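Working notes for the structure below.
Only a predicted model underlies this, so the values are computations on that prediction, with no experimental measurement involved. Letters go in sequence order (proteins before strands), and every chain restarts at 1.
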2 protein chains.
Amino acid sequence: MDTTLLKGLNVLEAVARSRAPRGVSELARELELTKSNVHRTLQTLIAAGYVRPGSVAGTYECTLKLFEMASGVVARIDVRQLADPFMQHLARLTKETIHLSILEGMDVIYLNKIESPQPVRAYSTIGGRAPAHCVASGKALLAWQGEAVLRELPARLSSPTQRSIASRDALLEELGRVRRQGFAVNRGEWREGVGGVAAIVFDMHGMPVAAIGMSGPVERLRPASVRKYSQLVMEAALGLSRSLGYSQPGYPPLAA
Amino acid sequence: MDTTLLKGLNVLEAVARSRAPRGVSELARELELTKSNVHRTLQTLIAAGYVRPGSVAGTYECTLKLFEMASGVVARIDVRQLADPFMQHLARLTKETIHLSILEGMDVIYLNKIESPQPVRAYSTIGGRAPAHCVASGKALLAWQGEAVLRELPARLSSPTQRSIASRDALLEELGRVRRQGFAVNRGEWREGVGGVAAIVFDMHGMPVAAIGMSGPVERLRPASVRKYSQLVMEAALGLSRSLGYSQPGYPPLAA
DNA sequence: TTAGCGCGTTCCACATATTGATACGCCGTA
DNA sequence: TACGGCGTATCAATATGTGGAACGCGCTAA
């Protein structure tokens, strides 16, 4: 285990997290390192291209090299490449914010999104995370995971809002519902007043690889709208699954 | 300068560049390191969360941590946050691929894009780079740079296609044209058969911060279309400039 | 106006973290 | 069945990284 590499990555992460360029002493205090250590690490990150001096003398900020590298990593995820037309189609029909998400651990990560043109809309960031059990796309993904994944769920779950599913048992029940009806709904379980509808996307092997869904204020998600949106997201998800090579007539058997 | 940190970042970059998970020996050969060095570095990157074992035993691949970090960095660039509605509007009007780009060195980097719904469309990746002198958005950005930037242009420029601008003098002449007419055109100067139209975006201080533009096959960029598209991209660029706080009546004086 | 404080930057003796050769078990192929 | 290349682990040697101290600068308070 290289502690110098770990320390360097910590420094990079701290600079990357910052809204404004950072100074050496401030970073040293935050990271509990010495000024000379931080200074020398920053010079190395500059040489590597990840960091550059800020406009104020003695400060440092991130370059876009991380973004270039990361975009390359994400661009090679097949589903993201193929999802665009389905997301755009869904955006036109619903006028709401559309997400493409994947499961990572017990979170979903938003790989892509199309913002709603309406002034009042759900806010999220590409690359952002949310707890899977609290959002529609997360529940859509969890519903098709195998026992090995579901076993890792703790008995008590985090409850960001009063509507959040708080126990593993209640979540498993809800996931059964998701499988039966083919879509998942978030009724304000992650952020107050923000809901959504999502459906699972399968690859050519019948493996769940992503979820596609829409989100917006819960006021715009009354039962009639949910019925409409659920049809639309399931159609979009099936279309994307088809373009990934999924050829089974219905849903695949539940993963082992 | 910490060579251990540099070496670690090299390993991470090699894994991030790869289309498939990589093995220890292969990485060691490519990076001219020993197997034990690569192996230990990968363990450190796993501990830091950037790398994980691949599905094939003994292989390694990137996680999405880079993407999460990088998305945070890019999300805080004001222009990217505010550009979405202008890009979507432009996409609806033109039906072509829309880009938001910034200048970095002598390249442009694509911060965001909206793909054209048409089957034949320009291909690019978010986070991707292009030589600024060869693309519309790059020329739009270069046109408003100061002497300090333009002086760095070499006398002979790279010529990816026969239509590329090949000399610094010819480029400066073209940049004068861009300033006068308010938009830049790419007539197949970067990729054969792919063209585009772009306009500059200013911030509240009158500094050029981005370019917004559309691209597509040159067959769809005949003079009548260029006239139409140039109006549309200038309107979108001005709207975005206004939302960034740019309040001057016309174009700002050329940067020093 | 002056002094003090905190900043960034640089230096280098020394402590320690990193290195890579080696060995081992596993797997695939001839 | 044997060989070669793989990934992984170990540890003595050594090369690298560390951090305390010093310096110059700029800002602020007295």
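Remark: A:Tyr50 pairs with no residue by the ring pair (Phe, Tyr, Trp, His ring centres under 6.0 Å) rule, at least two apart or across chains. Take B:Arg156 and apply the side-chain contact (heavy atoms from CB on, under 4.5 Å) test, not counting sequence neighbours, and it matches B:Ala166, B:Ser167. Remark: A:Ile46 engages A:Gln43, A:Val51, A:Pro53, A:Tyr60 in a side-chain contact (heavy atoms from CB on, under 4.5 Å) (not counting sequence neighbours). Under the rule for a side-chain contact (heavy atoms from CB on, under 4.5 Å), the partners of A:Thr41 that lie at least two apart in sequence or sit in another chain are A:Lys7, A:Val11, A:Asn37, A:Leu45, B:Asp2, B:Leu5. With sequence neighbours left out, the salt bridge (charged side-chain N to carboxylate O under 4.0 Å, His left out) criterion links B:Glu26 to B:Arg22. With sequence neighbours left out, the side-chain contact (heavy atoms from CB on, under 4.5 Å) criterion links B:Glu192 to B:Thr161.
A:Ser36 comes within contact range of at least one nucleobase, with a heavy-atom separation under 4.0 Å. A:Thr3 comes within 4.0 angstrom of sugar-phosphate atoms only, judged by non-hydrogen atoms across all strands, and of no base.
Both A:Arg40 and B:His39 sit near DNA chain D, but only B:His39 has its closest nucleotide nearer the 5' end. Between B:Thr4 and A:Arg29, the residue anchored nearer the 5' end of DNA chain C, judged by the nucleotide with its closest heavy atom, is A:Arg29.
Running 5' to 3' along DNA chain C, contacts with non-hydrogen atoms of chain B at under 4.0 Å begin and end at C:dT18 to C:dA21. First and last contacts of DNA chain D with chain B, using any nucleotide atom under 4.0 Å from a protein heavy atom and ordered 5' to 3', fall at D:dC6 to D:dT18.
Put simply, the side chain of B:Ile200 reaches to within 4.5 Å of the side chain of B:Tyr251, judged on heavy atoms. In this structure the side chain of B:Leu175 never reaches within 4.5 angstrom of the side chain of B:Trp144, judged on heavy atoms. For the pair A:Leu9 and B:Leu9, the minimum side-chain heavy-atom distance is below 4.5 Å. In this structure the side chain of B:Met87 reaches within 4.5 angstrom of the side chain of B:Ile212, judged on heavy atoms.
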Side-chain donor/acceptor pairs under 3.5 Å, residues 101-109 of chain A, sequence neighbours excluded:
| unit_1 | atom_1 | unit_2 | atom_2 | d |
| --- | --- | --- | --- | --- |
| A:Ser101 | OG | A:Ser137 | OG | 3.4 |
| A:Glu104 | OE2 | A:Arg129 | NH2 | 3.2 |
| A:Asp107 | OD2 | A:Arg129 | NH1 | 2.8 |

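Taken residue by residue, residues 6-27 of chain B places heavy atoms nearer than 4.0 Å to DNA chain D at B:Gly23, B:Val24, B:Ser25. In the region residues 42-60 of chain B, proximity to DNA chain D at under 4.0 angstrom, judged on heavy atoms, holds for B:Gly58, B:Tyr60.
Here the rule is side-chain contact (heavy atoms from CB on, under 4.5 Å) with B:Val209, and of B:Leu244, B:Leu141, B:Asp78 only B:Leu244 fits it.
Put simply, the side chain of B:Thr4 never gets that close to the backbone of A:Thr4: no donor and acceptor are under 3.5 Å apart.
Going from atom CG of A:Leu12 over to atom CZ of A:Arg17 covers 10.0 Å, rounded to the nearest 0.5 Å. Atom CD in B:Glu13 sits 9.0 Å away from atom CG in B:Leu6 (nearest 0.5 Å).
Taking five base pairs at each end of the helix from C:dT1-D:dA30 to C:dA30-D:dT1 and finding the rotation axis that steps the C1' atoms of four pairs onto the next four gives two axes whose angle is 30°, to the nearest 10°.
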